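Reading through the structure tokens given below for one structure.
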Number of protein chains: 2
Amino acid sequence: MATRAEVAKLAGVSASTVSYALNGDRSIKEETRKRVLKAVAQLNYRPNFAAGALAGGKSKTLALLSPSGEFGIALIALEYINGASAAARDRGYHLVIWPSQESELAEIQTFAESGMISGVILMEIKFKDERVSYLKKAKVPFAMIGRTEKPGKDSYVDRDFIGATQLGVDYLDSLGHKKIAFLTTERAVGVDTRFSSALLEAASKKKMTARKIQVVNEASSGRDAFIELHKKYPDVTAVVSLNDIATLGFISGANEYGVKIPKDLSLIALDTPKNHIEMSWPPLTTVNLPAFEMGVSASNILINQIEQKENKQNQVLLAGELVVRGTTAKARKQN
Amino acid sequence: MATRAEVAKLAGVSASTVSYALNGDRSIKEETRKRVLKAVAQLNYRPNFAAGALAGGKSKTLALLSPSGEFGIALIALEYINGASAAARDRGYHLVIWPSQESELAEIQTFAESGMISGVILMEIKFKDERVSYLKKAKVPFAMIGRTEKPGKDSYVDRDFIGATQLGVDYLDSLGHKKIAFLTTERAVGVDTRFSSALLEAASKKKMTARKIQVVNEASSGRDAFIELHKKYPDVTAVVSLNDIATLGFISGANEYGVKIPKDLSLIALDTPKNHIEMSWPPLTTVNLPAFEMGVSASNILINQIEQKENKQNQVLLAGELVVRGTTAKARKQN
DNA sequence: GAGTTTTATCGACACGCGTCGACAAGTAGT
DNA sequence: ACTACTTGTCGACGCGTGTCGATAAAACTC
């Protein structure tokens, strides 16, 4: 691998000039910079990560706390990771995966202090998240995928719950559904609460009645939910599910009881990772979750913060889009 | 963060002695080593990653090529990643996630040559995998999760297909099933072929008939498979599925046609990630896949190789275990 | 055109570690 | 007692970069 010195020689400048030409910390004549860049290209020079970290105290390495799976396994995590790592690499950073035990937090801090880790990406954010307060106290830059109850000025990427819910509800409205139900969990993860309230609001805007059915993050619970719905609210014509795993169980339940989706009952799944869509039959109508993009945003926001680009926006909401597949149809005639 | 110099001063030795005491490359008097270790503990000293990489050309960083999802999304990937990163950290290594575009391979090579990456973990291995030949030619140490058709002396961790299949088939046999079918894909990924042949052999040992039904990696295909089975082989009493996504569709199909699982038909899913088990109703009887452990093994094997511990075993097969849940029962009476 | 600021570049050093060569003290072989 | 090794330790150097201070040239200021 070529070194800075070789580039300098080829470009006919000093080593430090190369450095400044690349990092832009001092003014460099445009013509000189061109020459340097040409030499860089010619030699396929890439600054040595380790040397940079040593000299500058900047590791250009982000740590991503891997999901613990405490609330069921976060399948979308993989898409987050891929997005975050792609974006990090685009900006010259590495992404390392960090086991997420609480005990590791102290280690993260020492690594950050020694400059070995520039910042941290968190996922599976709880309403009250001790990791967040720890990192703030330790002054380790971080970005969340998701957000705490009161994120204040903390950096985050999250779903636009209101937008996503509205997409789904409006579509059901356009199909003539007026009595709907929704499945949600109560896990003290922000998702649930935020979706629930957004849904209730969207429904009331459209003058729909919306029944809430509580589930846990398991297929069997979705099946139970179907049964409950079937017995207690037979006039409901459409269901919005806020939990992907329960959704699958719900469909099984409908099959079992001979209720045809979508003829008898429409179903929209919100916040469903791509992976799950392929797993059900008929294919789910969803408001899908831009998981990869969320990872991308998280990295970018974090890097902006590390590089002190404070003018940039550090809180982002992504809405996803409605994808109509096989689980929605016009509302059946009311009896 | 404490540096080597501080440790040396506290222990009353020179800096290089500290180095040798910790890395064990030269003989050090036992008493001196104790003193050094005590000082290390006292100062909470941790060698600086960047400095080590710079000086020694050893980055202690492993790259894991993130899955592309070419053959459906590999949900188990996340467990692999967690296992690999945990094991890496235990041995003082970092695990960075690398986007898996082919174009990135060249970059991996330069990073490896410059010592920034010590080795690579691959997953989603194909029978003929160009990444493998590339890395071999480039002399980059690597370990596979999965294996090529002829792995030769290459390092890998893989499922023990024969063992896993036998567990499943033997259990069906013990329940009295004699006519079975199995669902498999043909994706030129080693999994399919190896499972298929292992299954046929296990079945023939028990004098069962085993019908093969081909599916693709989609729920709808699993549903089609059920229909095919239902029409063509009504005497089959048990099904082994080698594809987790098709499994879910298969169950939907059975529900739809009023065939009760497990009363009318038993179902065992091989090679199913934990995540999926929770997604179906009734809960799947599986031969589960020790995904986390595979990640752990992959890291360990790779690190052994990097550190030239050539005596250690570098090819590992893990069998998983049979977990009986709700989709298996005694064979129904033959008509 | 003398003085002052700005622009563009260079040389030198530090970052923290691995490792090589040197050396003193001990051990073994003759 | 003399050589030939071995053991245990030290000092010095280099890895490739970021960055500070210095300097020369150019651009202003009045």
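Fair warning: this is a prediction, and the values are worked out from it, not measured in the lab. Chain letters run A, B, ... following the sequence lines, proteins first and then strands; every chain starts at 1.
At least one side-chain nitrogen or oxygen of A:T32 sits closer than 4.0 Å to the OP1 or OP2 atom of C:dT9.
A heavy-atom distance below 4.5 Å is found between the side chains of B:L289 and B:M294. Here the side chains of A:N304 and A:N314 are not in contact, with every heavy-atom distance at 4.5 Å or above. Using a 4.5 Å cut-off on side-chain heavy atoms (C-beta onward), B:I125 and B:D158 make no contact. In this structure, A:L62 and A:I306 have side chains that are in contact, with non-hydrogen atoms separated by less than 4.5 Å. Between B:M116 and A:N48, the closest side-chain pair of non-hydrogen atoms falls below 4.5 Å.
Between the side chain of A:R26 and the main chain of A:T17, no donor-acceptor pair closer than 3.5 Å is present. No donor-acceptor pair under 3.5 Å is formed between the side chain of B:N23 and the backbone N or O of B:D25.
Between the CD atom of A:E6 and the P atom of D:dG16 there is a distance of 8 Å, given to the nearest Å. Rounded to an integer number of Å, the gap from A:N23 CG to D:dT17 P is 10 Å. If you take CE of A:M116 and P of C:dC17, they are 11 Å apart, rounded to a whole angstrom. Between A:K60 atom NZ and D:dT17 atom P the separation is 12 Å, expressed in whole Å. Rounded to an integer number of Å, the gap from B:D25 CG to D:dT9 P is 15 Å.
The stretch residues 33-55 of chain B touches DNA chain D through B:L54, B:A55, each having a heavy atom within less than 4.0 Å of the strand.
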Give each protein N/O atom lying under 3.5 Å from an N/O atom of nucleotides 24-27 of chain C, with the pair distance.
none

Just the table, please: protein N/O against nucleotides 10-13 of chain D N/O, every pair under 3.5 Å.
from, atom 1, to, atom 2, distance (Å)
D:dC10, OP2, B:S14, N, 2.8
D:dC10, OP2, B:S14, OG, 3.3
D:dC10, OP2, B:T17, OG1, 2.5
D:dC10, N4, B:R26, NH1, 3.4
D:dG11, N7, B:S16, OG, 3.4
D:dG11, O6, B:S16, OG, 3.2

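For B:F49, the ring pair (Phe, Tyr, Trp, His ring centres under 6.0 Å) partners are B:H94, not counting sequence neighbours. Partners of B:Y93 under the side-chain hydrogen bond (donor to acceptor under 3.5 Å, both in side chains) rule, at least two apart in sequence or in another chain, are B:E307.
Between B:K29 and A:A5, the residue anchored nearer the 5' end of DNA chain D, judged by the nucleotide with its closest heavy atom, is B:K29.
Side chains of B:S66 and A:N82: a donor on one and an acceptor on the other come within 3.5 Å.
One distance of note links CZ of B:F142 with CD1 of B:I108; it measures 12.5 Å at 0.5 Å rounding.
Just one of A:Q313, A:Q305, A:K312, A:R91 meets the side chain to side chain donor-acceptor pair (under 3.5 Å) condition when paired with A:N300; it is A:R91.
Within the helix from C:dG1-D:dC30 to C:dT30-D:dA1, the inter-axis angle between the opening and closing five-pair segments is 30°, rounded to 10°.
Looking at heavy-atom distances under 4.0 Å, B:S27 makes contact with a base.
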- request: Could you walk me through whether A:K9 and A:E6 pass salt bridge (charged side-chain N to carboxylate O under 4.0 Å, His left out), step by step?
  value: CA-CA 5 Å; A:K9 194 161 64 178; A:E6 301 175 50; over 6 Å; no
